[in-house]
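Beneath this line is the structure, given in structure tokens, with notes to follow.
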Number of protein chains: 2
Amino acid sequence: MQRGATLKDVAKLAGVSVATVSRVINGHANVSAETRASVERAILKLNYSPNTIARSLVTGRTGVISLIIVQEDPIVPTTWFYELPIVQSIYDYLKGQDWELQIAMCSYREFQEPAFLPRHFNKRTVDGVLILSAWMVERHIVSELKERNIPHVIIGAHDPDYESLCIEYDNEGAIRSLVEHLWNSGHQIFGLIGGAPNQLHMHGRIQGFASALEEFGLPTWNRLTKYGDWSIESGYELMQEFLAREPNPTAVVCGNDYIAVGAMRAITEQGLRIPEDIAVVGFDDTVVSQIISPTLTTVRLPLAQAGRLAAERLVRELDKPSPDNRRVVLPCEIVIRDSSKSS
Amino acid sequence: MQRGATLKDVAKLAGVSVATVSRVINGHANVSAETRASVERAILKLNYSPNTIARSLVTGRTGVISLIIVQEDPIVPTTWFYELPIVQSIYDYLKGQDWELQIAMCSYREFQEPAFLPRHFNKRTVDGVLILSAWMVERHIVSELKERNIPHVIIGAHDPDYESLCIEYDNEGAIRSLVEHLWNSGHQIFGLIGGAPNQLHMHGRIQGFASALEEFGLPTWNRLTKYGDWSIESGYELMQEFLAREPNPTAVVCGNDYIAVGAMRAITEQGLRIPEDIAVVGFDDTVVSQIISPTLTTVRLPLAQAGRLAAERLVRELDKPSPDNRRVVLPCEIVIRDSSKSS
DNA sequence: TTGTATGCGTTATCAC
DNA sequence: GTGATAACGCATACAA
């Protein structure tokens with residue numbers, strides 16, 4: 001990297017001291033209009049721009065926010081559709097606020113290790129951190145962040161005691177809407193095919209499913225609630241198990257769109273029709289929901305909104321730490337398509 | 001951020017000078033075993049770790065690499081499946097080499113603006129840059145990078161004069177393999193439905209298509225080569241145009257999987273069968289290629305390999321600038337599925 | 001309103 | 001081998 005002009009160069013050219021130049025740059029009040037003008041002229045002439053590193057050394061702030069993306073282990077490529085919109089919206093906001101974004105990716109396992117945070121923060125190269133995780137953020141992690149006095153916001157999850165700022169989705173509400181929609185079409189026997197239940201998304205959906213059934217006075221069938229992973233294969237196999245015995249469900253709520261695709265495959269292979277014999281709904285509104293036939297009813301998560309909000313709150317916290325309401329739960333939108341339409 | 005122990009603290013505790021501590025930390029030779037041991041003890045005791053910012057100020061290196069993701073304007077979410085595997089592999093490599101990754105996203109238009117690079121690099125907060133773009137990286141950008149002496153690697157594109165290090169995919173070879181595969185099944189009349197032809201991916205595929213037809217002694221039909229955007233709708237409409245007049249193609253090569261999905265829809269709506277009447281192939285091996293029926297023959301790009309290689313070369317260049325062979329073209333793999341199988 | 005001087009935590013260049 | 005000490009480029013307390 002070439003070395004550019006420094007404060008000293010500007011000071012010399014403008015015929016003032018470095019302190020004055022510094023004041024101009026940082027917009028301090030006590031500078032006469034004339035000197036300000038001449039300094040600004042010098043800055044322009046030398047094409048000067050402040051050295052961020054030097055500034056950081058003295059202020060103790062870097063102007064960098066870190067985003068830690070916590071992933072399944074091994075990594076499942078189909079989760080990427082979820083992460084990038086969030087990254088995008090975070091970046092868009094940060095760009096406008098003149099913060100830089102640094103990213104780190106790790107598995108859920110790595111993130112838990114005691115050595116992880118030290119390794120990440122010992123460099124003292126970031127001011128705050130956004131944690132994008134689908135799992136509970138353990139207590140020891142939050143403590144360490146507090147101890148180090150590192151502002152942080154959790155996206156899509158929370159810590160056990162709700163001490164950290166966090167942005168979550170209203171999974172309960174979403175699944176309640178789905179059940180209501182299906183109930184309105186006359187469905188009575190509901191199945192649930194979930195992904196990994198240790199992920200908080202799934203946790204909320206399981207809760208919501210149970211309470212929605214109760215709300216609408218519907219029975220719960222234990223054998224019609226199963227968990228696999230988030231894959232097409234998983235959905236296929238678990239749906240087959242549903243179909244192997246009576247009673248068959250008339251409506252199946254799936255943990256994501258891929259599970260739903262697998263379930264639909266199992267259903268049609270049995271010669272049953274969707275939605276006439278069995279209705280299927282998914283989660284996440286991925287492209288596949290529009291491509292599969294029949295098109296899939298699903299739930300759209302407010303990803304961009306979550307990312308932006310998280311970035312906003314972190315920046316606010318960095319500007320001036322304040323007691324904030326800790327938790328935000330964003331509403332989701334259900335997208336009704338053919339796989340659940342009553343004739 | 002709390003302030004931790006400094007060199008001075010360690011020096012005092014170990015009863016040596018800061019210079020000696022610095023030598024120990026940086027693994028210099030001229031330190032006696034005993035002093036080294038005692039310094040290391042002090043470091044452990046104080047839980048000391050070097051301040052990266054201070055170090056950067058004197059060395060002039062930040063240990064940070066920037067990744068600029070250049071996108072369509074407006075952003076098309078379906079391109080994300082392409083970018084994240086690359087980001088992932090870049091990060092994985094960098095993590096092992098103790099480099100940090102900072103990211104920036106911008107539209108093709110923004111990237112071209114003269115103000116973009118200055119704004120990005122004036123902070124002097126990164127040592128090198130990876131450019132992930134689907135478009136030609138203009139001459140003025142490369143010049144500016146050279147002038148500022150910023151090592152860089154381009155992923156998925158190149159500059160007009162091939163002056164920069166770049167990693168590309170063998171689009172020509174891939175499309176040649178596709179044509180060969182279809183030709184072996186007896187196809188004679190080929191159509192091409194492309195995405196935006198100003199993107200270099202498409203450029204290479206167009207070239208490859210033309211030369212492959214020639215190689216196999218096949219005629220070129222101008223009206224059977226069309227470009228839209230990369231969407232399902234685009235594929236659908238352009239395929240309808242193909243089917244509106246004779247001769248109909250018997251094989252259609254699509255610029256990506258989404259275009260192919262649209263094309264398939266148009267074909268089946270006309271009552272034609274895939275692959276019996278018309279074979280369809282796509283590009284990118286996205287999930288939809290496995291979900292659509294019939295499953296879609298497509299091309300798998302070596303994304304992870306590209307990302308890793310780019311990071312590797314940039315790091316090497318940063319360690320010691322060297323005349324490197326400038327361009328790497330990675331082979332692609334064609335994935336044959338039902339949409340092109342000869343009965 | 002402006003200038004001087006000090007410190008931020010390192011690395012590197014000298015001496016010794 | 002080791003220790004002073006001068007940079008690195010900036011912000012700021014204090015003096016003027």
Side-chain angles (χ1 to χ4, degrees), chain A residues 1-43 46-64 98 121-127, chain B residues 1-43 46-64 98 121-127:
Chain A
M1 300 274 310
Q2 82 185 41
R3 299 202 177 276
T6 72
L7 261 194
K8 208 192 276 181
D9 300 327
V10 177
K12 200 193 302 177
L13 182 59
V16 297
S17 74
V18 291
T20 302
V21 179
S22 176
R23 288 188 193 104
V24 171
I25 289 169
N26 295 300
H28 285 211
N30 291 331
V31 181
S32 77
E34 313 140 69
T35 47
R36 169 167 318 238
S38 99
V39 167
E40 276 167 353
R41 230 176 300 121
I43 289 177
L46 292 175
N47 192 22
Y48 168 79
S49 76
N51 181 316
T52 315
I53 300 291
R55 179 179 280 174
S56 293
L57 185 57
V58 38
T59 61
R61 315 195 81 204
T62 63
V64 179
D98 215 41
F121 289 110
N122 275 344
K123 291 189 157 187
R124 295 190 203 79
T125 191
V126 301
D127 294 337
Chain B
M1 300 275 309
Q2 84 187 36
R3 298 204 178 275
T6 72
L7 261 194
K8 208 191 274 182
D9 300 327
V10 177
K12 201 193 300 179
L13 181 59
V16 296
S17 74
V18 289
T20 302
V21 179
S22 177
R23 287 189 193 103
V24 170
I25 289 168
N26 295 297
H28 285 210
N30 292 333
V31 180
S32 77
E34 313 140 69
T35 48
R36 161 155 306 158
S38 99
V39 166
E40 277 165 352
R41 231 176 298 122
I43 289 177
L46 292 174
N47 191 22
Y48 166 80
S49 75
N51 181 314
T52 315
I53 300 292
R55 181 179 277 175
S56 294
L57 185 57
V58 39
T59 62
R61 315 196 83 206
T62 63
V64 179
D98 215 42
F121 289 111
N122 275 344
K123 289 189 160 188
R124 296 191 204 80
T125 190
V126 299
D127 293 338

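Each chain gets a letter, A, B and so on, in the order its sequence line appears, and its residues count up from 1.
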Response to the item:
Per-nt protein contacts along nucleotides 10-16 of chain D (heavy atom under 4.0 Å; B base, S backbone sugar-phosphate only, - none) come out as BBBB---
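Within a 6.0 Å sphere centred on NZ of B:Lys12, heavy atoms belonging to other residues, nucleotides or ligands number 12 at most.
Here the shortest heavy-atom pairing between B:Lys123 and A:Asp98 reads NZ-O, 3.7 Å.
Atom pair B:Asn30:CG and D:dG3:C1' shows a separation of 14 Å (rounding to whole Å applied). Protein atom CG of A:Leu57 is 14 Å distant from nucleotide atom P of C:dG7, rounded to whole Å. One interatomic measurement links the two molecules: CD of B:Glu34 to C1' of D:dG1, which rounds to 10 Å at whole-angstrom precision. Rounded to whole Å, the distance from CZ on A:Arg61 to C1' on C:dG9 is 19 Å. When rounded to the nearest whole Å, the span between CD1 of A:Ile53 and P of C:dG7 equals 23 Å.
An OP1 or OP2 oxygen of D:dT2 is reached within less than 4.0 angstrom by a side-chain nitrogen or oxygen of B:Ser32.
Side-chain contact between A:Val16 and A:Arg23 is absent, with no heavy-atom pair separated by less than 4.5 Å. Contact of the A:Ile43 side chain with the A:Val39 side chain is registered, since non-hydrogen atoms from C-beta on lie closer than 4.5 Å. In this structure, the side chains of B:Val18 and B:Ser22 stay at 4.5 Å or more apart for every pair of heavy atoms. Within the 4.5 Å cutoff, the side chain of B:Glu40 has heavy atoms near those of the B:Val24 side chain.
Across all strands, B:Thr35 comes closer than 4.0 Å only to sugar-phosphate atoms, never to a base (heavy-atom distances).
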